[in-house]
Every structure is written in structure tokens, then in C-alpha cells.
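Quick caveat: nothing in here was measured; it's all calculated off a predicted structure.
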Amino acid sequence: MAKGHFDVWAGGPAYERYMGRWSRLVAAEFAAWLDCPEGLRWVDVGCGTGVLSAAVTARCRPLSMVGIDRSEGFVASARATAARSAHFIVADAMSLPVRNGACDAAISGLALNFLPAPTAGVAEMARAVRPGGLVAAYVWDYADGMGLIRHFWDAAIEVDPGAAALDEGRRFPVCRPERLRAVWADAGLRDVSTLAIEVPTLFTDFADLWEPFLAGQGPAPGYVASLTPADRNRVRDALGAAVPRRPDGSIALIARAWAVSGRRPVHAESG
């Protein structure tokens, strides 16, 4: 049944219910980990609906925040709730519309693994920051630590073995600390560190967990949208049988993200 990838990102409200509500929790922890001073110039690469920009704005009070995303729908959602210091534009993460060294910090939340060349994308973020500037990101631990997605793909593969090719845990090996460190080093960054950030993902009932998969936002929901009604129901039933439920019907899972940070060298290395 599975053919191709289904990485659809377009609608802010649908994304919010599927992933944004959990990303918001991670973004707050990530901003606290960065612990940057006020008054810096930031660029948020792959800004989506502006979740990370908002968290950094609340915590770090930037002089300016520029959010960049290829999705017009996401950028529209980000603009609708933006702080006065934030500006959101539609642009390509692989070719940032930012002058060399124009920013103090370049950040990215849950977008790195969707770049066609992650190392080149991180090098582009490094180009945008001044010498000594910060480059940091976080990604879901799709292989082991993002319970919602792990349970989904295990259920989908049980029903449709061909779905294994779409499993984000297999597709995105960069979503592990050792790979993130390697990407940051290969992009020429120094003082690289990583951090595991775990947040609770509590669903009131199975419908609260399942229905966001029907909105088509992201790889797993995009896959669900490609199924026949009968196969969709089979995946739903397999997922429903797999997730742990509390006596009241609620479902408590854990989502782990890996964060990484590094600095652009102050002095260019001589060869």
C-alpha cells in the first residue's frame, strides 16, 4: 500500500492539534536550555506556526526575530499571533534571505530532518550568524523516544509491511544525538552539546490521539490520508490495541526530543 513520502505541511490549526501542542512544551524547555541574554537578533529556520519563535521571544526578549518557512499556511498562522519584534516570511531554509553574520542566533525546531541536505542547511544557518554566534535546533527522537509516532508506525507496519519505508524512525537517522553532533561538526561549528528533552503527551481518550492523524499534516497523517477507508480502519484498530490506556480512558505517553547547539568559530581556521 505504501508508496512515496507524504510530508505535507500546510495548515496551522491541523498541525497544532497533531504536533504543535507537544512541540510547544519542548520549545519552552529548549529556550530555557539556551538561556540567551535579551536583545539578540534571531532567525528561526523552518519556523512552522511560530511555536519556537514565541517561546524564545517570551524567554529571551529578542531585539528581532525573523521566522522562515516554505509553507504559506504556516507563515500565515505564525503572523497571526506574532509578537511585535517578530517577522515571518516565506522562504527556503537552504537559501536564507539573511546577510552573512546578520544574526546572533539561528534556531530550528522539528525541521532539520526535512531538509534535503541537513549538513548544508546547518552550514547555511551558521553563515547567517556572526562569529561566535549560536546555532541550535531540536528534533523528535523518532526511533525510540517519540511515543505517539513510534506506536503509530509499529501499528501501520503490522497492517501494511510496506509502511516500513515511511517510518520516520528509519527515514530520519539524523534524529539521534550522535548524528546531530556529527552534522554540527561537519558544518564547521564548535562547542557542540546535546540534550534530551522529554515532555508528557496526554490524550483525553483514543479519539484525541487518533483524529489528528486524519488531517493530513505531516508524514504519518499523510500516509493515513493515502489509505482506503478499510485499511485506515485497520491501522486505527491496531493502534488502538497497542497504546496503553488508563482506567478513565486517557492515554499518557512520553515524547523525547534531542536538542543540539554549537557556535560559529570566532576565527576562521587556516588550512
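- Listed here is the closest heavy atom pair of Val199 and Trp22: CG2-O, 4.2 Å.
- If you chain together hydrophobic residues whose side chains sit under 4.5 Å apart, Leu180 and Tyr138 never meet in one group.
- When every heavy atom of Ala242 is checked against every heavy atom of His151, the shortest pair comes out as O-CE1, 4.0 Å.
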Between Leu202 and Ile251, does a side-chain contact (heavy atoms from CB on, under 4.5 Å) hold up when you go through it step by step? CA-CA 6 Å; Leu202 179 63; Ile251 299 167; over 6 Å; no
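- Follow the hydrophobic side-chain contacts under 4.5 Å out from Met19 and you never reach Val174; the two are in separate clusters.
- Asp69 approaches Gly46 most closely through the heavy-atom pair OD2-C, 3.3 Å.
- A pairwise comparison of heavy atoms in Asp44 and Ser108 identifies OD1-CA, 4.1 Å as the closest pair.
- With a 4.5 Å cut-off on side-chain heavy atoms, Leu239 and Phe206 count as touching.
- Counting only heavy atoms from C-beta outward, the side chains of Val192 and Ser261 never approach each other to under 4.5 Å.
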Extract all donor-acceptor atom pairs below 3.5 Å that involve side chains of residues 54-65 and protein atoms in other chains or at least two apart in sequence.
unit_1	atom_1	unit_2	atom_2	d
Thr57	OG1	Ser53	O	2.8

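- A ring-centre distance under 6.0 Å is not found for Phe30 and Trp258.
- With 3.5 Å as the limit, one finds a donor-acceptor pair spanning the side chains of Ser250 and Asp248.
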Check the pair Arg150, Asp154 against salt bridge (charged side-chain N to carboxylate O under 4.0 Å, His left out), reporting the backbone distance first and the verdict last. CA-CA 6 Å; Arg150 185 70 268 135; Asp154 288 347; 3.1 Å; yes
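- When side chains are defined from C-beta on, Val235 counts as touching Phe152, because their heavy atoms get closer than 4.5 Å.
- Inter-residue side-chain proximity for Leu209 and Leu253 is flagged as met; some heavy-atom pair is nearer than 4.5 Å.
- Surrounding CZ of Arg70 are at most 12 heavy atoms belonging to other residues, nucleotides or ligands under 6.0 Å away.
- A distance below 6.0 Å separates the ring centres of Phe172 and Phe114.
- Residues Asn113 and Pro118 fail the side-chain proximity criterion, which asks for heavy atoms closer than 4.5 Å.
- Taking the salt bridge (charged side-chain N to carboxylate O under 4.0 Å, His left out) definition, one finds that Arg181 meets it with nothing, sequence neighbours left out.
- Hydrophobic clustering places Met125 together with Val129 (ILVMFWY residues linked when any side-chain heavy atoms are closer than 4.5 Å, directly or through intermediates).
- Nearest approach of Arg232 to Ala225, heavy atoms of both residues: NH2-O, 3.8 Å.
- Separation of atoms CG (Leu52) and CD1 (Ile107) is listed at 4.0 Å; rounding is to 0.5 Å.
- A side-chain contact (heavy atoms from CB on, under 4.5 Å) with Arg41 holds for exactly one of Val66, Asp104, Val98; it is Asp104.
- No side-chain heavy atom of Phe213 sits under 4.5 Å from any side-chain heavy atom of Arg236.
- Evaluation of the side chain to side chain contact (heavy atoms under 4.5 Å, CB included) rule for Pro247 yields no partner, not counting sequence neighbours.
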Please report the C-alpha distance between Trp140 and Arg256 in whole Å, then the side-chain angles of each, then the deciding distance to 0.1 Å, and finally whether the side-chain contact (heavy atoms from CB on, under 4.5 Å) criterion is met. CA-CA 6 Å; Trp140 290 127; Arg256 180 195 301 132; over 6 Å; no
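- Pairs engaging residues 26-37 under the side chain to side chain donor-acceptor pair (under 3.5 Å) rule: none recorded [sequence neighbours left out].
- Between the side chain of Arg79 and the backbone N or O of Phe88, at least one donor-acceptor pair lies under 3.5 Å.
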Go through it in stages, so that I can follow the logic: the residues are Met94 and Leu115, the test is side-chain contact (heavy atoms from CB on, under 4.5 Å), and I'd like the CA-CA distance, side-chain angles, deciding distance and then a yes or no. CA-CA 8 Å; Met94 302 301 294; Leu115 299 184; 4.1 Å; yes
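- Considering only heavy atoms from C-beta on, Arg21 comes within 4.5 Å of Pro212 through its side chain.
- Atom CG of Asp144 is separated from atom SG of Cys175 by 11.5 Å, given to the nearest 0.5 angstrom.
- The shortest distance between side-chain heavy atoms of Cys36 and Leu134 falls below 4.5 Å.
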Are Asp231 and Arg234 close enough, and set up right, to give a salt bridge (charged side-chain N to carboxylate O under 4.0 Å, His left out), and what steps lead you there? CA-CA 5 Å; Asp231 287 332; Arg234 291 173 66 202; 3.2 Å; yes
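- Note on Val75 and Val43: separate hydrophobic clusters, where clusters join Ile, Leu, Val, Met, Phe, Trp and Tyr whose side-chain heavy atoms are under 4.5 Å apart, directly or indirectly.
- Atom-to-atom distance recorded for Leu110:CG and Met146:CE is 8.0 Å, nearest 0.5 angstrom.
- Connection of Leu34 to Val139 is not established within any shared hydrophobic cluster, with ILVMFWY side chains joined at heavy-atom distances below 4.5 Å, either directly or through further cluster members.
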Apply the test salt bridge (charged side-chain N to carboxylate O under 4.0 Å, His left out) to residues Arg176 and Asp141: give CA-CA distance (whole Å), side-chain angles for both, the deciding distance (0.1 Å), then the verdict. CA-CA 6 Å; Arg176 300 292 297 169; Asp141 181 358; 2.8 Å; yes
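- Rounded to the nearest 0.5 angstrom, Arg171 CZ and Trp153 CH2 are separated by 8.0 Å.
- Atoms CG and CH2, from Asp205 and Trp210 in turn, are 14.0 Å apart once rounded to the nearest 0.5 Å.
- Between the Ser226 side chain and the Tyr223 main chain, a donor and an acceptor come within less than 3.5 Å of each other.
- Contacts of Thr204 classified as side chain to side chain contact (heavy atoms under 4.5 Å, CB included), with partners at least two apart in sequence or in another chain: Asp208.
- Screening residues 113-122 for salt bridge (Lys or Arg N to Asp or Glu O under 4.0 Å) gives no qualifying pairs among residues at least two apart or on separate chains.
- Counting all heavy atoms, side chain and backbone alike, Glu124 lies closest to Ala93 at CG-O, 3.7 Å.
- Remark: the backbone N or O of Gly132 is paired with a side-chain donor or acceptor of Arg263 at under 3.5 angstrom.
- Using modelled atom types, no side-chain atom of Arg130 and backbone atom of Val266 make a donor-acceptor pair closer than 3.5 Å.
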